[in-house]
Amino acid sequence: MKVLWLQSGGCGGCTQSMLCSEPRSLFDELRDAGIEFLWHPALSVDSGEEALTILEDCAEGRLAFDALCIEGAMLRGPNGTGKFHLMAGSGRPLTEWVARLARHAKWVFAIGSCTAYGGFSANTPGNPLEACGLQFDEQTPGGLLGAGFQSSAGLPVINIAGCPTHPGWVVDTLEKAVLEGLTVADLDEYGRPLLYAGELVHHGCARNEFYEFKASAMKQSDLGCLMENLGCKGTQAHADCNLRPWNGSGSCLRGGFACIACTEPGFESPGHAFQETPKLAGIPIGLPTDMPKAWFVALAALSKSATPKRVRNNAVEDHPVVMPAVRKKGGGK
Amino acid sequence: MSRIVVGPFNRVEGDLEVSLDLEAGRIQSAQVNSPLFRGFEQIMVGRAPLDALAIVPRICGICSVAQSAAAASALAGAMGVVPTVNGKISRNLICATENLADHLTHFYLFFMPDFARPAYADRRWYPAVAQRFTAVKGDAAAEVLPARAGFLRMMGFLAGRWPHTLAIQPGGSTRAITAGERIRLLALLREFRGFVEKRLFGDSLAAVAQLASKDQLLAWADGRAGDFPAFLNAATDLGLDKLGRAYDAFLSYGAYGLFPAGTWQAGQAAAFDPVAIDEDTTSAWLAAGQPRHPAQGETIVDANKPDAYTWCKAPRYAGQPFEVGALARQVIAGHPLALDLIQRDGASVMARVVARLLELALVLPAMEGWVNALQPGEPFCAHGDMPEDASGTGLVEAARGSLGHWLSIRRGRIERYQIIAPTTWNFSPRDASNRPGPLEQALVGMPAGEGAPPTVQHVVRSFDPCMVCTVH
Ligand code: SF4
Ligand code: SF4
């Protein structure tokens, strides 16, 4: 699989994240799966004329490639000119390059939430950058390529959303495409591969015991569940962050801070401060999507009344202060 | 006189285009253009102050932690919060991990592959260097990625994930390290030290840290196996120790309590005065006006401004362009090797690379000390209230130099947020007095165009530019 990779209105973090791919060296992993970069702005040696020739040949259909990977939002402004991002050396808007190249790609991958849905660039008040995703404008289908776009493999844009994306999400999706193919059934309604978006961040969170008892963190660095007070969206965010570690052993929740649902369109403007949970009459709004609110409230009241002391006390400290009891053998009491 | 445009300039972070005016194959003048604008400063306006912690890391995926740390200290200033002892150590560790990983990535993936260009095929060092450093396919790439990923596991423990963590808070860190994890961190540092000593240096960190002059450095490298010696060998052969000098005016905000803040100009060290900074928009597609201190700064788009040629502002210190980065940090910290290099030849491609790798030798042992100093069980985060009206400044050192955030809060919302990134200093355009930025100056006089060796590439990459930061 020949991959052409371009970057636009993003931070380059998805590439940096991808280079953390584990356990094997990214380059070895990709090579053995038959995946190679035809050009990548951060990794290839060709620059200037040589690079533009590759891109022009691909855009004209003279040079074959399989996958177009785009990282960063599409900047259509000011006034539709695309001048906020001209491809260096070419004087032409990156949006124009992307539209021309997408016509020849078997698969188009949006790498990261900026590319998928518009990202922070689209969240400046009034969106003066006229930023959008490849096939979405936040939650609304459309974007640069249009709602009806299909790559030559008959698929919409595949949105490997995340800010940044986890290296495994990218590598596994590319390998799935090249080894087994991808179909629409492999994607959810926002175009995300189910291989990672079929889970919720809440699954496997190390704070699940605190969640069960609604033993909540009160302040940053507390061990308790971050949903009730500190803005955690883990019960609503589609991603396997707590099942597939980041950087060997981490995740946002293991790092002690709330999931801000960076894989969801529009996460940049949640309508409240990121690290606070908006509440109505003391009850968090934005409860788990699959659970009727009344049940949640009833269960929460019940579980709070049954919270073990260990869980209650540890929830509001940054390290465990009450250890799990050790049951003595024999003695019988 | 003829003009050529070099771009896309790859293996840098983000988008870069360089216009060169040539006379008889030599550069008469250079204009550096960042052809991308994102405008994060506007995104922040009207937000809850602590939202900056979630927004600013997204300015840059390569120094996202440095952005977090700058925001956290600006917010800490606004709140009057002082981080806990553990919190400070954690922040140092998190920032140092990112900075050192960045030096490593730059050397192996961005900088060295240029030596494998066919233009150098007849040099005696070429076969070995091409085998090791060819982009993506060279032996070194396959080796350095696992070393880098292994080292960034530090971030899994200390920050939850990298890039884009929310662990760094005004009062310290959300992630308290346990006694058991402290052992793991030490093991990760040892593992990384092993790679750096075996493959990069071919010697101990201590031996590299003690090199005190250019002569000692070259004598040390002579005949030694290791990637740094291989670089020194090729760089001397190509004269990169005399190439890429800008103004020899350096600035640092100081890092980790290990390297002090200061300036260095015309052979003189001086104290750093944060009031002396301002930003000029003469050559940027931004509304013109008098240069302003960033605490009063504005970023208003004027996309059709005549004579403008970039989205980058021109930061100046006491009205002068200054160079920032590892070399600046080490010169200001008075490291004898860095001082000797610039006193003999001025800032050069070689001096900049040497200073970055020197920081690996100096900072890794310090990190081991910091991990030992962590006190599991003691607080990692101090807490405080956000006032309705306040202002704050966050000055940190990212891998590639001085990064500043200036914010003000009114009625509980962010009223103004201005950022000056390291590459904004180094790749700044001309100011109102038509003075070129450091890179623009460094390119003057060099051969370029048809048939010229790829020296422009070396000079540009010696600054380790990060264009997404520049234009935030
Ligand atoms: S912190 Fe978030 S992800 Fe973890 S248990 Fe609580 S709600 Fe779920
Ligand atoms: S835990 Fe949430 S915010 Fe963190 S990476 Fe996963 S989806 Fe994004």
Side-chain angles (χ1 to χ4, degrees), chain A residues 7-9 11-17 19-22 24-28 37 41-48 51-52 78 83-89 120-121 123-125 128-129 163-164 219-221 245-258 260 273-275 318-319, chain B residues 5-11 13-17 35-39 42-43 46 48 50-51 54-55 58-62 64 109 113 135-136 141-142 145-146 148-149 152-153 155-157 159-167 169 173-176 178 301 303 376-377 379-381 383 468:
Chain A
Q7 296 173 325
S8 188
C11 70
C14 289
T15 286
Q16 290 296 322
S17 176
L19 293 172
C20 294
S21 184
E22 292 189 277
R24 290 190 71 200
S25 162
L26 173 75
F27 297 151
D28 291 347
F37 294 115
L43 305 172
S44 297
V45 82
D46 328 84
S47 70
L52 290 176
K83 193 185 170 183
F84 283 134
H85 188 193
L86 302 180
M87 162 72 91
F120 271 103
S121 296
N123 269 265
T124 315
L129 299 176
C163 184
K219 53 191 189 305
Q220 297 295 350
S221 88
W246 287 78
N247 304 104
S249 63
S251 74
C252 292
L253 297 309
R254 283 178 172 265
F257 51 91
I260 60 172
F274 279 110
Q275 296 172 81
D318 73 0
H319 62 285
Chain B
V5 175
V6 191
F9 211 106
N10 66 329
R11 280 181 300 108
E13 178 46 55
D15 265 64
L16 171 63
E17 181 178 281
L36 166 71
F37 178 77
R38 289 193 297 152
Q42 273 87 341
I43 295 174
L50 288 167
D51 275 7
I55 299 171
R58 271 95 188 168
I59 289 170
C60 182
I62 197 162
S64 83
L109 299 184
V136 180
L145 286 182
R148 176 184 181 275
L152 285 169
R153 286 182 162 208
M155 295 297 205
F157 288 104
R161 67 158 176 167
W162 181 87
H164 303 350
T165 178
L166 271 162
Q169 294 285 321
S173 162
T174 56
R175 179 63 162 87
T178 66
V301 167
F380 274 69
C381 197
H383 303 278
V468 291

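Every chain is numbered from 1 and lettered A, B, ... according to where its sequence line falls, protein lines coming before strand lines.
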Notebook entry, point to check: Just checking, any donor-acceptor pair under 3.5 angstrom between side chains of Arg148(B) and Gln16(A)?
Noted result: yes
Check: Checking side-chain contact (heavy atoms from CB on, under 4.5 Å) for the pair Leu166(B)/Gln275(A): CA distance, chi angles, key distance, verdict?
Finding: CA-CA 9 Å; Leu166(B) 271 162; Gln275(A) 296 172 81; 3.7 Å; yes
Note to self: Does any backbone or side-chain atom of Ala273(A) lie under 4.5 Å from a heavy atom of chain B? Answer side chain, backbone, both or neither.
What the structure shows: both
Notebook entry, point to check: What residue in Lys219(A), Arg254(A), Gln7(A) has the most heavy-atom pairs under 4.5 Å with chain B?
Noted result: Lys219(A)
Item checked: Test item: Arg161(B) and Cys252(A) side chains (from C-beta on) under 4.5 Å apart, heavy atoms -> yes
Notebook entry, point to check: Non-hydrogen atoms of chain B under 4.5 Å away: do they reach the side chain of Glu22(A), the backbone, both or neither?
Noted result: side chain
Next item on the list: Could you go through the side-chain contact (heavy atoms from CB on, under 4.5 Å) check for Leu36(B) and Leu86(A) one step at a time?
Entry: CA-CA 7 Å; Leu36(B) 166 71; Leu86(A) 302 180; over 6 Å; no
Note to self: On a heavy-atom basis, which atom in Ala167(B) and which in Gly255(A) lie closest, and how many Å separate them?
What the structure shows: CB-O, 4.2 Å
Checklist line | Top contributor to chain A contacts, counting heavy-atom pairs under 4.5 Å, from Cys60(B), Ala48(B), Gly39(B) | finding: Cys60(B)
Margin query: Is His319(A) in contact with chain B via its backbone, its side chain, both, or neither, using a 4.5 Å heavy-atom distance?
Written below: side chain
Check: Considering only heavy atoms from C-beta outward, does the side chain of Ser17(A) approach that of Pro163(B) to under 4.5 Å?
Finding: yes
Check: So what's closer than 4.5 Å to chain B heavy atoms on Asp318(A): side chain, backbone, both or neither?
Finding: both
Next item on the list: Quick one: closest heavy-atom pair of Ala88(A) and Pro35(B), and the distance?
Entry: CB-CG, 4.0 Å
Margin query: Is it the case that the side chain of Arg153(B) and the backbone of Ser249(A) share a donor-acceptor pair, with hydrogens and angles ignored and the cut-off at 3.5 Å?
Written below: no
Check: Among Ser8(A), Gly12(A), Ala42(A), who wins on heavy-atom pairs under 4.5 Å with chain B?
Finding: Ala42(A)
Margin query: If I measure from the heavy atoms of chain B, does Leu43(A) come under 4.5 Å with its side chain, its backbone, both, or neither?
Written below: both
Check: In terms of heavy-atom pairs under 4.5 Å with chain A, which of Pro113(B), Pro379(B), Ala54(B) leads?
Finding: Ala54(B)
Next item on the list: Name the option with the most non-hydrogen atom pairs under 4.5 Å to chain A; the candidates are Gln42(B), Gln169(B), Met155(B).
Entry: Gln169(B)
Margin query: Out of Val5(B), Ile55(B), Leu50(B), Val136(B), return the one with the most heavy atom pairs under 4.5 angstrom to chain A.
Written below: Val136(B)
Item checked: Smallest separation among heavy atoms of Trp162(B) and Asn247(A), with atom names -> N-OD1, 2.7 Å
Item checked: Most contacts with chain A, counted as non-hydrogen pairs under 4.5 angstrom, among Thr178(B), Thr165(B), Val301(B), Ile59(B) -> Thr165(B)
Note to self: Under the rule for salt bridge (charged side-chain N to carboxylate O under 4.0 Å, His left out), what residues qualify as partners of Asp51(B), not counting sequence neighbours?
What the structure shows: Arg47(B)
Note to self: For the interface with chain B, which of Leu19(A), Asn123(A), Asp28(A), Leu253(A) has the highest count of heavy-atom pairs at distances below 4.5 Å?
What the structure shows: Leu19(A)
Check: Is it the backbone or the side chain of Leu26(A) that comes under 4.5 Å from a heavy atom of chain B, or both, or neither?
Finding: both
Next item on the list: Answer whether the closest heavy-atom distance between the side chains of Cys163(A) and Arg58(B) falls below 4.5 Å.
Entry: yes
Next item on the list: Please flag which part of Leu16(B) lies under 4.5 Å from any non-hydrogen atom of chain A: side chain, backbone, both or neither.
Entry: backbone
Notebook entry, point to check: Just by modelled atom types, is the Ser44(A) backbone N or O under 3.5 Å from a matching donor or acceptor in the Arg11(B) side chain?
Noted result: yes
Notebook entry, point to check: Is the closest side-chain heavy-atom distance between Arg38(B) and Cys11(A) below 4.5 Å?
Noted result: yes
Margin query: Using 0.5 Å steps for rounding, measure from the CZ atom of Phe9(B) to the OG atom of Ser47(A).
Written below: 6.0 Å
Notebook entry, point to check: Less than 4.5 Å apart, any side-chain heavy atom of Phe27(A) and any of Leu145(B)?
Noted result: yes
Note to self: Would the distance check show the side chain of Ser251(A) and the main-chain N or O of Gly160(B) forming a donor-acceptor pair, the cut-off being under 3.5 Å?
What the structure shows: no
Margin query: Between Val45(A), Asp46(A), Thr124(A), who has the most heavy-atom pairs with chain B when the cutoff is under 4.5 Å?
Written below: Val45(A)
Check: Do the side chain of Lys83(A) and the main chain of Ala303(B) share a donor and acceptor less than 3.5 angstrom apart?
Finding: yes
Next item on the list: Let me know if Pro164(A) has heavy atoms under 4.5 Å from chain B in its side chain, its backbone, both or neither.
Entry: both
Note to self: At a 4.5 Å cut-off on heavy atoms, which part of Ala159(B) comes close to chain A: side chain, backbone, both, or neither?
What the structure shows: backbone
